[in-house]
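Throughout, a chain's letter reflects where its sequence line sits, starting with A, and its residues are numbered from 1. Every value quoted in this text rests on a predicted model; they were computed, and no experiment measured them.
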Amino acid sequence: MARGIASGRASGPLLISHIPISFLSGVDPLTGEIVESGHPLRGRIVAGCVFAFPHGKGSTVGSYVMYALKMNGRAPAAIINTEAEPIVAVGAIIAGIPMVDRPDIPLARMREGVNVTVDGSTGEIEYEGLLEEN
Amino acid sequence: MRLDPEDQAILQGEEGETRQRMMEILIALGKVFGAEELIPISSAQVSGASYKTIGEWGLRWLQSINARVAVPTILNPIGMPREGWEEHGIHREFAEKQLAILEAYRRMGVKLECTCTPYYIHSIGYGDHIAWAESSAVIYANSVIGARTNREGGPSALAAAIIGKTPFYGLHMIEKRTPVLTIEIDGNKAIDRNEDIFGALGYIAGRKAGNSVPIFTGIKPNRDQLKSMGAAMAATGAVGLFHVDGITPESRIFKYRVDALERITIEAKEVEELFRSMDVDAVAIGCPHCSEDELLHIERLMGGKSVKKPLYIFASRHVIDKSRRVVERIRKAGGFVIADTCMVVSPMLERYRTIMVNSGKALAYVPDMCGSMARLGSLEDCIREAIG
């Protein structure tokens, strides 16, 4: 379970960043590639993934970058944040990306690549197989 | 969060997708900041109006919005004056995108006043709940008028404008408006001598106050000086409200016990050190946008002399219209009096190497936003520099 932030339901493989993300200048709006220099996920693609990260950071213009990703068909399928903040919450809503925060399983214990379904209206997170690391 | 049946219906999508999304934004922010309900607002001011800031995707999002605002709403400054932009080196492509942004807002019923001084246009009063976005307007409304607003973002202010409500948290709550920090100034004489020192004082105080609510003691700024001081504090810090003991409305009503608070001292010398001498190639006034009094003061200081260095003066369309004769005289002397935009959000001033300003906020933003150096001076010094 988690808390619903942006409505809608979507599935995808889990991609986890253990540090915050800035969408403005951190993610390429045309390709969905993480381009922030020094970021551990640099070069990975957010498109179609259930993207889990602690929270957003950086400029509020990041909300519009999330909208751009969606319009270009390169947005994450859904977002899981440890704690929502306005930039990503607003971006998810205007882009129509389902989003939840405060998941009952912490990010540190989630397994990357597991197929996850997020329901941003009810706050439910469903997963195939084991979500948690043993 | 508690929602009334009407809000619930909007959230279910019964009034269309745009209003549903806008309601979702308000509720999401309510969750983020721990609000339990939405409260009605009487005025909104929306940022994210300059093409320089929001770019192509911001424009496309605005064009996708299919709803009208529910309360009087105006805009933050845009990237150019609506008329005569050609004379100021604005490219046609930029101008077309900027005008498309305005058209998107016009369709929503937003009044096309683009200013950081909405308080000269919307008559708001003590205790009014509003949703404003521009940081200097927010701090003025909260501190000088005693209205109540958080520092909104572009989409959240627009959501509040369309729904007519905002989540009840932060500076909307009276208990969050009590000062927690006293700021006193050592060596007040310097401040009495120079009326333009308040922008510089705000510049330093903002760095020390962070996002807290400070109360100043021992100073007596007027409204325009409070405006300058607050704008600078909101630029160098995240201050959304300040009090001045015995001057601002809440300090007179609640008579805060300033002695019991944490106390910091600003040396007058620290403030004066911001006024450095250097060669400048343009002068810019009106950050925040000038009041009618300030325009009159500028015209008097010019004394009919022609400008020798480019002099830019920014104000809202509304204030310029009300000051028509004063503005005509400034323009006749070669000064630019410009509406809709400002030195921070427009590419207009990027061609100058050093710009002289009388604003602590401009001192903080001009270097990054225009790529120019900024020199701080009093209004008198600025005009003297311009008329040579």
- Item | Gap between atom CD of B:Gln12 and atom OG of A:Ser7 - 0.5 Å precision | 9.5 Å
- Applying a strict 4.5 Å limit to non-hydrogen atoms, the region of B:Thr53 in contact with chain A is both
- A:Ala6 versus chain B, the contacting section by heavy-atom distance below 4.5 Å: both
- Any idea which of A:Ile87, A:Asn72, A:Asp101 has the most non-hydrogen atom pairs under 4.5 angstrom with chain B? A:Asn72
- Between A:Arg3 and B:Lys31, which heavy-atom pair has the shortest distance, and what is it? NH1-O, 3.3 Å
- Write out, in numerical order, the residues from residues 27-65 of chain A with a heavy atom short of 4.5 Å from a heavy atom in chain B. A:Val61, A:Tyr64
- Item | A:His18 atom NE2, neighbour heavy-atom count above 12 within 6.0 Å | yes
- Message: I need the contact set between residues 56-69 of chain B and chain A: heavy-atom distance under 4.5 Å, sorted by residue number.
- Response: B:Trp57, B:Gly58, B:Arg60, B:Trp61, B:Ser64
- What part of B:Leu29 gets closer than 4.5 Å to chain A, counting heavy atoms only: side chain, backbone, both or neither? side chain
- Heavy atoms only, distances under 4.5 angstrom: which of A:Gly91, A:Ala89, A:Pro86 has the most pairs with chain B? Name it, please. A:Pro86
- Task: Mark yes when over 12 heavy atoms from residues, nucleotides or ligands other than A:Glu83 sit less than 6.0 Å from its CD; otherwise mark no.
- Result: yes
- Here the pair of heavy atoms bringing B:Arg21 nearest to A:Ile93 is CD-O, 3.0 Å
